[in-house]
There are 2 protein chains.
Amino acid sequence: MVTSRDVARVAGVSQSTVSYVMSGRRSISAKTRQRVEAAIEQLTYQPNAGARALASQRTQVIGLVVPFGPGADTTGLLPFIETIAGCVRDEDHDVLLVTANEGSAGLSRLAGRSLCDAIVMMDIEADDPRIPVAAALQIPVILIGVPDDSAGLCCVDLDFPLAGRMAVAELAALGHDQVVLIGHPAEVVERDINFVRRFQRGAAAAAAAHGLPHHVVAPVAPGRAGAEAAVEEALRHGGERPGIVVPNSQAVQPVLQALLDRGRTPGRDLSLIGLCTDTVAEASTPAVTNVSLEPRDVSRRAMQTLFRLLDRRREPPAELVDLVVPRLTRRQTTLPAT
Amino acid sequence: MVTSRDVARVAGVSQSTVSYVMSGRRSISAKTRQRVEAAIEQLTYQPNAGARALASQRTQVIGLVVPFGPGADTTGLLPFIETIAGCVRDEDHDVLLVTANEGSAGLSRLAGRSLCDAIVMMDIEADDPRIPVAAALQIPVILIGVPDDSAGLCCVDLDFPLAGRMAVAELAALGHDQVVLIGHPAEVVERDINFVRRFQRGAAAAAAAHGLPHHVVAPVAPGRAGAEAAVEEALRHGGERPGIVVPNSQAVQPVLQALLDRGRTPGRDLSLIGLCTDTVAEASTPAVTNVSLEPRDVSRRAMQTLFRLLDRRREPPAELVDLVVPRLTRRQTTLPAT
DNA sequence: TCCCGTTGTCGATACGCATCGACAACGGGA
DNA sequence: TCCCGTTGTCGATGCGTATCGACAACGGGA
């Protein structure tokens, strides 16, 4: 193993000078710097992560707690992970992956053993038992999702209430006389993931504001069968020109198919708006009008906040909750604008 | 921060004794052990990862290189990651996530900085430029996928040639007079991911063995449009009773839909076999007869080999290439057995 | 009784780096 | 000419743990 001492010997300087060249924390003459850099290159020196962490109290690692256990919505998880990993690498850090089924113990482990400098938690429940544990840790924790009580932790998420309002407002503008919301599997509802309620509340508020009756179909069993049943119920309650909202990525395609199978073509005699990524919306035929989940924006904003928290020079963000504005894209499953 | 020295003081022993209690590398009297364990509990002591890594030359971390860059097949990636993370935790290690777009540099970084004890690489190309780099590292590397030349590295993967043979043999047994293979997007073919060719070779061999003419449709554009075109071509070449094989998870559902749209119902006048996970196969209606990708089995086997390589006491596996036997499940898209 | 092997514990050291205080060299102003 | 501030480098130390050698206590066999 090549150490900074080896580099120092080759460059004819002391080990501490090598360290200062790498960190830039003290001024170094151009000549010395060049010699050191040449030696680093020649020996292909790379600092030992453990030693660096021990000496500097910084691991350059971000812990990422992802929902993997059964019952977690893993659809659309990848864009989050991918974006987070990218942002973290841009800051010359790395990602340590921890699955949510470790629960609070996982958080304690990450912080207690100094495995990472900060933690990102996804899939936050409304009353998540991990929140108090996370808030008590000695390292920054950032939530992707908004619990009822964030205990002072920073949260980033899509503005789900706004997403609900946008979807319903669009349906109202298209002249629908009834809004039907096709919800989530019992499992998800039970876990009380925050966005379910937040979206529904926004949708309900908008429906009331527009004087539209609205009906919620829930729980919806996962898979084809559940979608079929949900669509049956939706069509029963939906009146002549129902506007259907599906705030559930996994259900969008099956619901669309179930409607087509019944001879109801979204975009002609009814409208369908999905809450899903653009990728999912564009994958089906006809392409689904959607309110985007914007996983990349959400992740990026979360990482910005995270690295601000890690930088002692900069002050923490004034606002704890950072909501990303969703985007509605009109495609083929909504009526043409009148 | 609580250190092992604090634990030692509370327990009235020396720091080294605490260390030996935790590692079990020297015999400790029951009385002393209990005192130390009580102190650990009382102080909620957790060893510092950096210090431990520095002293022991073991990080207890496994590097996982996942395909995230554009053009990577991220469908079905999650079960791999999930299973790997689980196995790694079972061995009291952690997972450091690295994206493939860092290329060889990512590997050098992981090993050079001693960020992890071993590396798992996914999404291996037939002539992957990372292989020689990986083989030269000082730490074990295991491949999920089989390159043309593994340079002495252990590989674990599904037995794709066998999968191809199984699919074609099934079609032959069902009395089809022609086999059509609907392939991958140009992007994937260009990247020369090993399993594409390996599956096709197996399928071709089986077709020849059964005296069946076979035709390959490739490249297939991703999404609905590509599936439509591919199905058109397949039906043109497929004769009266074509047996269609789709060794591409993402294309299974669109191809099925395109067939249905054309009034051709798989399971009645033709057969469709997908190469995909059971989850994908069961999600569509009708459920697709499939050859399973077995991501969990593959991951598990890879982790077993990995930890064997990490354990100096155990000898490395005799066989470098470990192929998992696929499983064919008959569902609704193949003709009933005659 | 004496000797030696075993068991259990301790002190000391090394791991590789970051950082602090010290200080030599140098230059500009009085 | 002398003094002092600045710049650049070095030596020493500490981070928290694992591990090695030493050794005391103990017991069994000759």
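All chains are named by letter (A, B, ...) in the order of the sequence lines, taking the proteins before the strands, and each is independently numbered beginning at 1.
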Quick one: pull up CZ in B:Arg35 and NZ in B:Lys31 and give me the separation to the nearest 0.5 Å. 7.5 Å
Identify which nucleotide among D:dG16, D:dT19, D:dG8 has an atom closest to any side-chain atom of A:Ser27, counting heavy atoms from C-beta outward. D:dG8
B:Gln60 CD - D:dA18 P separation (whole Å): 9 Å
Are A:Val133 and A:Ile131 close enough that some pair of their side-chain heavy atoms sits under 4.5 Å apart? no
Taking the side chain of B:Leu54 as its heavy atoms from C-beta onward, which of C:dC15, C:dT19, C:dA12 lies nearest to it? C:dC15
If you measure from CG on B:Leu110 to CD on B:Glu102, what distance do you get to the nearest 0.5 Å? 7.5 Å
Of the nucleotides D:dT17, C:dC17, C:dT19, which has the atom closest to the A:Ala55 side chain? C:dC17
Does the base of C:dA14 carry an N or O that pairs as donor and acceptor with the side chain of B:Gln57 under 3.5 Å? no
Paired stems touching DNA chain D, three or more consecutive Watson-Crick or G-U pairs with both distances under 3.5 Å? C:1-30 with D:1-30
Rounded to the nearest 0.5 angstrom, the CD1-CZ distance for B:Ile142 and B:Arg301 is 11.0 Å
Which comes earlier along DNA chain D counting from the 5' end, the contact point of B:Gly50 or that of B:Thr17, where each point is its nearest nucleotide? B:Gly50
Taken to the nearest whole Å, CE/A:Met1 to P/C:dA14 is 18 Å
Interatomic distance, B:Thr277 atom OG1 to B:Leu293 atom CG [nearest 0.5 angstrom]: 6.5 Å
Checking side-chain contact (heavy atoms from CB on, under 4.5 Å) for the pair A:Asp94/A:Gln60: CA distance, chi angles, key distance, verdict? CA-CA 6 Å; A:Asp94 271 290; A:Gln60 311 258 91; over 6 Å; no
When you measure from the side chain of A:Arg25, which nucleotide among C:dC10, C:dT19, D:dT17 comes out closest? C:dT19
At what distance, to the nearest 0.5 angstrom, does CG of A:Leu306 lie from CD1 of A:Ile144? 9.5 Å
Could you state the atom-to-atom distance from OH of B:Tyr45 to C1' of D:dG16 in whole Å? 7 Å
Sorted by chain and residue number, the side-chain contact (heavy atoms from CB on, under 4.5 Å) partners of A:Leu320 (sequence neighbours excluded) come out as A:Ser150, A:Cys154
Of the nucleotides D:dA18, D:dG16, C:dG8, which one has an atom closest to the side chain of B:Ala51? D:dG16
N or O in side chain of A:Ser14 less than 4.0 angstrom from D:dC10 OP1/OP2: yes
Are any non-hydrogen side-chain atoms of B:Tyr20 and B:Arg33 less than 4.5 angstrom apart? no
Using a 6.0 Å cut-off, check whether atom CG of A:Asp127 has over 12 heavy atoms from anything other than its own residue. no
Are A:Ser19 and C:dA18 close enough that a side-chain N or O sits under 4.0 Å from OP1 or OP2? yes
Checking only heavy atoms, does the side chain of B:Tyr20 share a donor-acceptor pair with the base of D:dC20 at less than 3.5 Å? yes
Between D:dC15 atom P and A:Asn48 atom CG, what is the distance in whole Å? 18 Å
Just to confirm, is there a sub-4.0 Å distance from OP1 or OP2 of D:dG16 to any side-chain nitrogen or oxygen of B:Arg52? no
Can you sort out which residues in residues 33-43 of chain B have a heavy atom within less than 4.0 Å of DNA chain D? Ascending by number, please. none
Can you tell me which nucleotide in D:dA22, C:dG21, C:dT19 comes closest to the side chain of B:Arg26? D:dA22
Report which part of the nucleic acid B:Val18 touches: base, sugar-phosphate, or nothing (heavy-atom distance under 4.0 Å, all strands). nothing
Nearest-nucleotide comparison on DNA chain C, the residue closer to the 5′ end among B:Val13 and A:Arg5: B:Val13
B:Arg9 CZ to C:dC10 P: how many Å, rounded? 14 Å
Could you tell me whether the phosphate oxygens of C:dC17, OP1 or OP2, come under 4.0 Å of any side-chain nitrogen or oxygen in A:Ser4? yes
Among C:dA18, C:dA12, C:dG16, which nucleotide sits nearest the side chain of B:Ser16? C:dA12
Hey, mind stepping through A:Ser16 and A:Ser19 against side-chain hydrogen bond (donor to acceptor under 3.5 Å, both in side chains) and telling me if it holds? CA-CA 5 Å; A:Ser16 60; A:Ser19 180; over 6 Å; no
Between D:dC10, C:dC10, D:dT19, which one does the side chain of B:Gln15 approach most closely? D:dT19
I need the CD1-C1' distance between B:Ile28 and D:dA18, as an integer number of Å. 13 Å
